[in-house]
Trainee: 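Please read through the structure below; I'll follow up with questions.
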Number of protein chains: 2
Amino acid sequence: MRATIKDVAKLAGVSPSTVTRVIQNSPAISQKTKDHVRKAMQELNYHPNLNARSLVSSYTQVIGLVLPDDSDIFYQNPFFPTALRGISQVAADYNYAIQISTGKDEEQRLEAISQMVYGKRVDGLIFLYSKPDDPLVQLAIQHNFPFLILGKASSPFVSLVDNDNIQAGFEATTYFINKGFQNIAFVAGNKELVVSQDRYQGYKNALKAHNIPLDENKVKFTSGFLLEDSAYKITRKLIKQKPDAIVTTDTSVAEGIVQYLTEIGVKLPIISFDSVKPKLAIDAYVDVHAIKLGRVAFNTLHQIINDSKENKQVCYRRVIPHTITEL
Amino acid sequence: MRATIKDVAKLAGVSPSTVTRVIQNSPAISQKTKDHVRKAMQELNYHPNLNARSLVSSYTQVIGLVLPDDSDIFYQNPFFPTALRGISQVAADYNYAIQISTGKDEEQRLEAISQMVYGKRVDGLIFLYSKPDDPLVQLAIQHNFPFLILGKASSPFVSLVDNDNIQAGFEATTYFINKGFQNIAFVAGNKELVVSQDRYQGYKNALKAHNIPLDENKVKFTSGFLLEDSAYKITRKLIKQKPDAIVTTDTSVAEGIVQYLTEIGVKLPIISFDSVKPKLAIDAYVDVHAIKLGRVAFNTLHQIINDSKENKQVCYRRVIPHTITEL
DNA sequence: CTGAAAGCGCTTACAG
DNA sequence: CTGAAAGCGCTTACAG
C-alpha cells in the first residue's frame with residue numbers, strides 16, 4: 001500500500017502534524033526534524049493524498065478551463081492550443097494542475113462546471129471564450145467564485161485579459177492606408193462575436209481618421225461552421241466592389257479569400273489576425289500573442305484566488321499588446 | 001454555507017448513509033424515501049463534495065491526459081485539439097472530467113504526473129504521444145495504474161489505440177502508383193517518431209508490391225522545430241531527383257513543399273496525412289480520424305479502469321481505420 | 001429497507 | 001519547537 005502521513009511520522013519518530021508542517025516548510029520546525037522527516041518521506045516514496053488535503057484545507061491547486069461548445073469553430077483555430085500553452089507554462093511553475101471542461105451543449109457544460117465548482121474540484125476558472133449573459137459566468141458570479149475571462153466581458157465588474165481589438169483593427173487598416181491604399185475591404189468572422197465587432201470598429205475608426213468614406217459594400221461577415229468556405233463565397237461578391245486591399249480578422253477567413261482570388265487569378269494585399277505565423281501567402285498579420293494572453297491569464301487568476309482568500313474583491317483588466325508582422 | 005450530506009439527511013428526516021444510497025440510486029432504498037431525499041437535495045441545492053467522495057471511495061471520475069513537452073511541435077498540429085474533442089465527448093457522457101498535464105521538460109512532466117497518480121487525482125491516463133522508454137509510461141506500468149497510449153507502444157503488453165500507419169503509408173503510395181506515377185518521393189516528419197517510420201515502411205512495401213525500385217535519394221525526413229521550414233529546404237534537393245509525385249506524412253511538411261514548388265513554378269501531385277481537411281491545395285489526404293481515435297481511447301480507458309477494479313488485466317489494442325480523401 | 005459507527009488521510013487550532 | 005485531539009464530508013461494512 002501507499003505510505004500515508006502516519007507511516008512517515010512513525011518512521012521519522014514524530015507526530016503526523018509535524019510531518020504536515022515539514023511539507024509546508026513551516027519555519028516553526030527545526031532543521032534537524034525537517035531533515036529527518038524528509039528522509040523518511042523519500043524512503044517511503046511518500047506523496048500526499050491530494051483529495052484528503054483538499055477536503056480539509058479547501059483549496060485544490062487546480063484551475064478549470066472553460067471551453068465553448070464542443071461543436072464550436074473554436075477548435076479549428078490555433079488560438080486554443082496556443083493560449084493553453086501559455087496557461088500551462090505558468091500553472092506548472094505554481095504547481096497548479098489544469099482541468100478542462102466542455103460539453104455538447106450549454107446544459108451539459110453548465111452541469112460539468114457546477115460539479116467542478118460545487119464539488120470543490122478547482123480553485124478558480126478561466127473562460128476561454130466570451131459571450132453576453134453566459135449562464136456559466138453567471139454561476140461563477142453568483143457564488144463569488146474566482147474567475148476571469150480571456151476575452152472581452154460585457155459586465156464592467158468582471159476580471160479579464162484581452163487584446164485591444166479596436167486598436168488592433170485600427171492599426172491593421174492604417175497599415176494599408178499608409179501604403180497608399182484607398183479602397184480597403186473588411187471581412188470578419190461571425191458578426192455576433194465581440195472580437196469581430198471590435199475589429200470592425202477599429203477599421204471604421206481608421207478610415208475616419210484618414211477621411212476615407214466608409215463603404216458598407218466592402219464590409220462582409222462570414223457565417224456557418226467552416227469559415228474558409230463562407231469567406232470563399234463572400235469574396236465572389238466582394239470583388240465586384242473593386243477593393244485594393246483586404247483587412248480580415250481571422251486566418252481561416254483569409255484562407256477562403258486567397259483561395260478564391262487565386263482561382264480567378266487575382267492578387268490582393270491582405271492582412272489578417274492570428275496566434276501563430278500564418279502558413280498562408282499574405283502580406284502581414286496582427287499577432288495577438290496568445291501565449292502571453294495565456295500566461296497573464298493564469299497569473300491574474302492566481303492573484304484573484306489569493307485575493308478571495310483574504311476576502312478582497314479586485315477587478316483586474318489586463319491588455320496584452322498585439323504586434324503587426326510583415327511577411 | 002454549502003449544504004452537506006448531513007443537512008440533506010436532517011431535512012429529509014433520514015440518516016446520512018441513506019442519502020448516500022439515494023445518490024447512488026441503490027435499489028435497497030424505497031421509492032418514497034428516494035423522492036423525499038431528492039426533494040431535500042433540490043431544496044438545499046446540494047452538490048456532493050467530490051474530494052470527500054474520492055478520499056473514501058478512492059475513485060475520482062477524472063482522467064488525466066498526458067501531453068508531450070510544452071515546446072513540442074505537437075501544439076502546431078490540429079491532431080491534439082481534435083483528439084481532445086473526441087475524448088471529451090465520450091468523457092462527458094460518462095460524467096468524467098479531464099485533467100491535462102504537460103511541462104517544460106521531462107522532469108517537470110514526471111513531477112506533474114506523479115502528483116496526479118500518487119495524489120489520487122485521476123483514475124487513469126491517456127498518453128497523447130508515444131516514444132520509446134518513456135519514464136512517465138514506466139511510472140504507470142510500475143504502479144499498475146490504468147493507462148493507454150494513443151499511438152504505437154514499443155512494449156507488447158501496453159494497451160493502445162492507433163491507426164495502422166504502415167497500411168496507411170502503403171495505401172497513400174498505391175494511390176499514386178495506380179494513377180501511373182513511377183517516381184514517387186517520400187517526405188516525412190521527424191525520423192525518430194514511430195509514425196514516420198511506419199508510414200515509410202508502408203511506402204517501401206507499396207513500391208515493392210508494384211516492383212518499383214526504392215530510390216533512397218527520393219526519401220527525406222525533416223528536422224527542427226518548424227516542419228514547414230525544414231520541408232521547404234529539403235524540397236530544393238529533392239526536386240533534383242525529378243519525382244513525379246510526393247507522399248508526405250504531415251500537412252505542415254506538405255505546406256513547406258508546396259511553398260517551395262510554387263516559388264519555382266512547379267506543380268506536383270501531393271498526398272498528405274491530417275486530422276482535418278487540409279487548407280492546402282494538394283491532391284488527397286489520409287484522414288486519420290482523430291475524433292474517432294479520441295472517442296475510442298476514452299472508451300477503452302474506461303474499460304481498463306473497470307477491469308482494474310476487478311483486478312483483471314487485459315491488454316487492449318484497437319485500430320482505427322483511416323480513409324483517403326481526394327480534394 | 002434503514003441507521004450508527006468507524007474511517008478515508010489529511011490539516012488546523014489549541015496547548016504546552 | 002512539537003503533539004494530541006478534533007474534524008473536513010463523505011462511504012462502507014455491519015447489524016437489525
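Within every chain, numbering begins at 1; the chains are lettered A, B, ... in the order of the sequence lines, protein sequences first and strands thereafter. Only heavy atoms go into these numbers, but all of them, side chains included; no hydrogens, no water, no symmetry mates.
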Trainee: Answer yes or no: does a side-chain N or O of A:Thr33 lie under 4.0 Å from OP1 or OP2 of D:dC1?
Mentor: no
Trainee: Once you round it to whole Å, what is the distance between P of D:dT11 and NZ of B:Lys120?
Mentor: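 Rounded to whole Å, this separation is 17 Å.
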Trainee: Can you establish whether the number of heavy atoms outside B:Asn25 located under 6.0 Å from its atom CG is more than 12?
Mentor: yes
Trainee: Taking the side chain of B:Arg53 as its heavy atoms from C-beta onward, which of C:dT11, C:dA4, D:dC10 lies nearest to it?
Mentor: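 Selected nucleotide (nearest to the side chain): D:dC10.
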Trainee: Using atom CG of B:Asn51 as one end and atom P of D:dT11 as the other, report the distance to the nearest whole Å.
Mentor: 12 Å
Trainee: With side-chain contact (heavy atoms from CB on, under 4.5 Å) as the test, pick out the partner of B:Phe145 among B:Ile113, B:Val122, B:Leu139.
Mentor: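 Between B:Phe145 and the candidates, side-chain contact (heavy atoms from CB on, under 4.5 Å) is satisfied uniquely by B:Val122.
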Trainee: C:dG9 P sits how many Å from B:Arg121 CZ, rounded?
Mentor: 15 Å
Trainee: Between A:Thr4 and C:dG9, does any side-chain N or O lie under 4.0 Å from OP1 or OP2?
Mentor: no
Trainee: Whether A:Thr18 contacts D:dG3 is assessed here as follows: a side-chain N or O lying under 4.0 Å from the phosphate OP1 or OP2. Is that the case?
Mentor: yes
Trainee: Over all strands shown, is B:Ser30 touching base, sugar-phosphate only, or nothing at heavy-atom distances under 4.0 angstrom?
Mentor: sugar-phosphate
Trainee: Counting heavy atoms from C-beta on, name the nucleotide in C:dC10, C:dG3, D:dG9 closest to the side chain of B:Val14.
Mentor: C:dG3
Trainee: Counting any heavy atom closer than 4.0 Å, what does B:Tyr59 reach on the DNA or RNA strands: base, sugar-phosphate only, or nothing?
Mentor: nothing
Trainee: In whole angstroms, how far is the C1' atom of D:dT11 from the CD1 atom of B:Ile29?
Mentor: 13 Å
Trainee: In terms of heavy-atom contacts, does NZ of A:Lys34 have more than 12 from other residues, nucleotides or ligands at under 6.0 Å?
Mentor: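 Above 12, so yes.
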Trainee: If you measure from CD1 on A:Ile5 to CG on A:Leu44, what distance do you get to the nearest 0.5 Å?
Mentor: 12.0 Å
Trainee: Does D:dC1 have its OP1 or OP2 closer than 4.0 Å to a side-chain nitrogen or oxygen of A:Gln31?
Mentor: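 So the side-chain polar atoms of A:Gln31 never come under 4.0 Å of the phosphate oxygens OP1 or OP2 of D:dC1.
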Trainee: Could you give the OH-to-C1' distance, from B:Tyr46 to D:dG9, as a whole number of Å?
Mentor: 7 Å
Trainee: Would you write the dot-bracket representation of DNA chain D, where each base gets (, ), [, ], | or . depending on whether it forms a Watson-Crick or G-U pair under 3.5 Å and with which partner?
Mentor: |||.||||||||.|||
Trainee: Base, sugar-phosphate alone, or nothing: which one does A:Ser17 contact when heavy atoms must sit under 4.0 Å apart?
Mentor: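 The answer is base, as A:Ser17 lies within the cut-off (heavy atoms under 4.0 Å) of a base atom.
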Trainee: In whole angstrom, give the distance that lies between atom CG of A:Leu55 and atom C1' of C:dC8.
Mentor: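 Roughly 9 Å, once rounded to whole Å.
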Trainee: Counting heavy atoms not belonging to B:Gln31, are there more than 12 under 6.0 Å from its CD?
Mentor: yes
Trainee: At less than 4.0 Å, is any side-chain N or O atom of B:Tyr118 found next to OP1 or OP2 of C:dG9? Yes or no.
Mentor: no
Trainee: May I ask you to say what A:Thr20 touches in the nucleic acid, namely base, sugar-phosphate or nothing, with a heavy-atom cut-off under 4.0 Å?
Mentor: base
Trainee: Evaluate whether atom NZ of A:Lys6 has more than 12 neighbouring non-hydrogen atoms of other residues, nucleotides or ligands under 6.0 angstrom away.
Mentor: no
Trainee: How would you list, by chain and number, every residue that makes a ring-ring contact (aromatic ring centres under 6.0 Å, His included) with B:Tyr46, sequence neighbours excluded?
Mentor: none
Trainee: Less than 3.5 Å between a donor and an acceptor, one on the side chain of A:Arg21 and one on the base of D:dG3, is that the case here?
Mentor: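 Under the 3.5 Å cut-off, the side chain and the base do form a donor-acceptor pair.
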Trainee: Specify the separation, in whole Å, of atom CZ of B:Arg2 and atom C1' of D:dG9.
Mentor: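 Spelled out: CZ on B:Arg2 to C1' on D:dG9 is 9 Å.
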